[in-house]
Each structure stands twice: as structure tokens, then as C-alpha cells.
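Structure, as C-alpha cells:
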Amino acid sequence: MNKKILSIFVMVMALSLLGVSCNKKTTDPTNDGGSTATTTLTVSQINEKIKALSTVKLDANGVNADASNNAISFDFASVAGETTTFDIQGVAVTTAASVSAQSLLTYLQQNLTGLSVTAKDDNVPSGSEEDLVVEVKSGNNTVTLNIKTVASTNWL
């Protein structure tokens, strides 16, 4: 009798372990093993997020600057609608202003949350007047920003 009870107990334990080990695995405690799909924004929605940045002023240290610093201002207010390519021209707030293209890219990445923000072809200009071409993506939708530094001024 004891042998039958023991063998039934062992069989139930083995089946329980098998059932637990075959369950869906997840490392995301907020997800019950279902879909992790994200919402893809339209081009208009991407443009609205960019436009919300309004005017960004950066100085040589890469911080959002005020008018007293040697800063360059980038105006994103014109970004709107279904257009997928925009030219953004930097404007010197004070003389001798210069900023790093990498600092501007980092600022955009930090402030355009939920979007993929990258330099096209991983090309971040330094020491030249070359445009910083930034791609802002959500799913298959891409908006391209051709960002120019102040005329006759190189990126740091």
C-alpha cells in the first residue's frame, strides 16, 4: 500500500514539474507571455513630436543653453504634416558659437522618447560643415532631418 502511494506521489510530482517547465517563459514581469507589440506612429505623429521640441539652444558643452552662452539655436517648429524630409538651419545666438553634432544627436535621442533616433549611416560630422542627417523612425515610417550648423562654422 505504501509503495502504491509513493509511486502515485512521484508520478504526480513528475507531471507537475513537466507542466511547469513547459509553460511560457518571460523576463518581462509586466507581460504575461503575450504579445509585446508596440504602436507605430504615423509620419504626422512623428513630426508633431519633433515640432514639440520647438527651439533647441545648445552650447559647446552640449547643454541646453540660454542666450548668454556661445550657443547655436535649432528651430524645429517648421516640422509638420506628412513631409518626410526637413532642412534645419542652425542660427548663432552669440558670436563664436559652435556645438558638437554628437551633442545635438544625443539631445534628440533623449528628448524624442519612443522613437528610434540615429545618424544616417552612423555618420556624425566633426570638424566640418557637413550636414548632420538624422533619421527619426517609428516602425516603417521615417522622417529625415538635414541639420546644418551655422554658415561658415564647423561642428566641434
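Just so you know, these numbers use all the heavy atoms, side chains as well, and skip hydrogens, waters and symmetry mates. Residue numbers run from 1 in the order of the sequence given. Computed from a predicted model, the values in this text were never measured in an experiment.
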(request) With side chain to side chain contact (heavy atoms under 4.5 Å, CB included) as the test, would you mind laying out the steps for Val91 and Val150 before giving the verdict? (result) CA-CA 5 Å; Val91 176; Val150 176; 5.6 Å; no
(request) Run the numbers on Val10 and Met13 for side chain to side chain contact (heavy atoms under 4.5 Å, CB included), then give the verdict. (result) CA-CA 5 Å; Val10 169; Met13 291 301 293; 5.8 Å; no
(request) Walk me through it: do Phe86 and Thr144 pass the test side chain to side chain contact (heavy atoms under 4.5 Å, CB included)? (result) CA-CA 6 Å; Phe86 294 93; Thr144 304; over 6 Å; no
(request) Would you please test Ser44 and Glu48 for side-chain hydrogen bond (donor to acceptor under 3.5 Å, both in side chains) and show each step? (result) CA-CA 6 Å; Ser44 290; Glu48 286 305 311; over 6 Å; no
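Between the side chain of Gln89 and the main chain of Thr149, a donor-acceptor pair closer than 3.5 Å is present. Side-chain atoms of Gln45 come within 3.5 Å of backbone atoms of Thr42 as a donor-acceptor pair (strictly under, hydrogens ignored). Using modelled atom types, no side-chain atom of Asn141 and backbone atom of Thr40 make a donor-acceptor pair closer than 3.5 Å. Judged by distance alone, the side chain of Trp155 and the main-chain N or O of Glu130 form a donor-acceptor pair under 3.5 Å. Using modelled atom types, no side-chain atom of Ser128 and backbone atom of Pro125 make a donor-acceptor pair closer than 3.5 Å.
Once rounded to the nearest 0.5 Å, the distance linking OG of Ser78 with CG of Asn47 reads 9.5 Å. We find the CG-CD1 distance between Leu108 and Ile147 to be 5.5 Å, quoted to the nearest 0.5 Å. The distance from atom CG of Leu112 to atom OG of Ser138, rounded to the nearest 0.5 Å, is 11.5 Å.
Between Glu129 and Ala151, the shortest heavy-atom contact is OE1-C, 4.4 Å.
Follow the hydrophobic side-chain contacts under 4.5 Å out from Leu156 and you never reach Leu132; the two are in separate clusters. By the criterion of side-chain heavy atoms lying less than 4.5 angstrom apart, applied directly or through intervening Ile, Leu, Val, Met, Phe, Trp or Tyr residues, Phe74 is not grouped with Val133; the two fall into different hydrophobic clusters.
A search for salt bridge (charged side-chain N to carboxylate O under 4.0 Å, His left out) contacts involving Lys148 returns Asp131, not counting sequence neighbours. Every residue meeting the salt bridge (charged side-chain N to carboxylate O under 4.0 Å, His left out) condition with Lys137, not counting sequence neighbours, appears here in chain and number order: Glu135.
Checked against Val143 for a side chain to side chain contact (heavy atoms under 4.5 Å, CB included), the options Ile46, Val134, Thr83 give a single hit: Ile46.
Leu145 has its side chain within reach of Val136: a pair of non-hydrogen atoms, C-beta onward, lies under 4.5 Å apart.
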Contacts table for residues 49-56: side-chain donor-acceptor under 3.5 angstrom, sequence neighbours left out:
from	atom 1	to	atom 2	distance (Å)
Lys49	NZ	Thr113	O	2.7

